[in-house]
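All heavy atoms count here, side chains included; hydrogens, waters and symmetry mates do not.
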Amino acid sequence: MYFDYLTVLIFASVGLVFVFANLIIASVLRPKRTVTEGLEIYECGEETIGEAWVRFDIRYYTVALVYVIFAVEIAFLFPWAIVLRESLLGEGAAAGLGIGVFALVEGFVFIAILFLGLAYVWVKGDLDWVLTYSAPAYQPPTSRMRAIPTVDTLEGDSEDDSEDAAEDTSTDESEDAA
Amino acid sequence: MMDDILPAELPLFAVWVIKAVVIFGSLISAAGITTLAERKVSAWIQYRIGPNRVGPFGLLQPLADGVKFIFKEELVPDGANRLMFRLAPMITAAPAMMCIAVIPFAGEVVIGNYNLGNLSITDLSVSVLYVGALTGLGIYGIILGGWSSNSKFSLMGAMRASAQMVSYELTLLLAILSVVLLAGSLDLRAIAESQASSAEGGIGVWNMFLQPVAFVLFIIAMFAETNRHPFDFAECEPELVGGFHTEYSSMKFALFFLGEYCAIIVMCCLVTTFFLGGYDVPFWDSAPWFIQLASFVAKAACFIFLFLWVRWTLPRFRYDQLMGLGWKVMLPLALVNVTVTGAVVSFGWSPLITPVLAVAALIPGVILFARSNPGEASLTGHALSEEGSAS
């Protein structure tokens, strides 16, 4: 049985020989210049600013986690698929459909639990590539905050003025917090 | 004459080495021919002639391309992670090539007095898992290549490619799983033979007809897995220059290229094995091995042509559409299909009703999906009504 893998190994070594032979032949034959311009990072003719190794929005973080869970699920489902089939042939069939239906229900429960997980992630919005950050709805100015002057307030009453004067300090605090 | 010189039976090791060299050589040649076919088909679709200078009909163009790659100057950009930069092309190319080792191309090969055994490198009992593991490994090379280049375009291309391949691999594996449920084996050769009419207990129908949902899902997922149009976000030219291989040149770029085409060929071989009966020749159970091989190659070539055809037919997706399609449409669809197939198999019903049940199970899901996206549903309705009024 392990001979099966030995043949794969032979195949892989043929591949390795091919790849390295090509790389070595190329390294012998190709021109070697030390032109500094060629070594610059390509950015459509613009000068590169900074490195590319910056903090990057890895949007698919959650997607990757869900992938791992589902990949493990599928890895478990492959043996299930084989057992389900075998329970119908040979000894399993002689014993009746019992194990087949049992295995089927077990498999369904397993899939359903993970499907619930997918549904949860879906409803949470983690599967949406374009994230919509819903800002909290606009609150009318309370006594703690300075009223943002809108058209209505500028046109109309001046009764807020006294409040404004009183709330200056708290406004500063809220700005700091923001 | 020959009988005197050659031994009556070839040693096992010699058979292995011959097979490895022949199949590897065929794979590399096929990849080269595919690059030529890509340019030729592109040319025909665009009403051009295409490469026709090197050799008859431009047939030697892949060789000329290879020689050009060898003579190109190699650049490692400033500030790149040199080790990873050099490793990445090999990590990309190797898994794609290794996958071909378990593909059953034909039955027993008999040349003269010599029986070389089945025409494949090996018949693992778990070859489906082997293929799944190796297609998963292909992501590493791309993300390492993109990250180590220290270029922003490369990084973005690599990030896109990895998210996309991860998302569609699930669908790919689930589509395979429903085929495995029908065949009851993880061995690719057994799966292929279960679709042949000569198989014991088999009914001689290709899985394409028994599992149309899985078939369509597999085809869409294989386009995404190989980063081909309409899902080629990893190297989307108008947005990312060259994507993850922007900074690569010379032989290293050639390796990325080779890996990509090998992956395409492997995917075409897989879809042939899983859904088109592999080397099965319709209505001819005891076909000789070279007819079987020709049948396999013809089927796989049709899918390679499909790859090239789709490239010039469908526009590129938008990235959020891609992720939405993968996670919200194809993954639930594949899960439903697996469930239905499992029920059909365990109750011992005829596999022929699987497509009917799968579609029936899908209808509530589609209605739910349409309701949950009122904007898209109304958009579809609008387009339909416009069509109606036009006619």
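- Rounding to the nearest 0.5 Å gives a distance of 5.5 Å between CG of Leu173(B) and CZ of Phe78(A).
- For Phe108(A), the part sitting under 4.5 Å from any heavy atom of chain B is the side chain, from C-beta outward, and nothing else.
- Only the side chain of Met90(B) comes within contact range of chain A, judged by heavy atoms closer than 4.5 Å.
- Only the side chain of Val126(B) comes within less than 4.5 Å of a heavy atom of chain A; its backbone N, CA, C and O stay farther away.
- One finds the CG atom of Leu77(A) at 8.5 Å from the CG atom of Leu335(B) (value rounded to the nearest 0.5 Å).
- In this structure, chain A has no heavy atom under 4.5 Å from any part of Phe69(B).
- The contact between Ser151(B) and chain A is made by backbone and side chain atoms together, counting heavy-atom distances below 4.5 Å.
- Here the side chains of Ile70(B) and Arg30(A) are not in contact, with every heavy-atom distance at 4.5 Å or above.
- If you measure heavy-atom distances from Val66(A) to chain B, the contacts under 4.5 Å come from both the backbone and the side chain.
- With a threshold of 4.5 angstrom between heavy atoms, Ser120(B) does not approach chain A through any atom at all.
- If you measure heavy-atom distances from Thr339(B) to chain A, the contacts under 4.5 Å come from both the backbone and the side chain.
- Looking at Ile111(A), the atoms closer than 4.5 Å to chain B (heavy atoms on both sides) all sit in the side chain, from C-beta outward.
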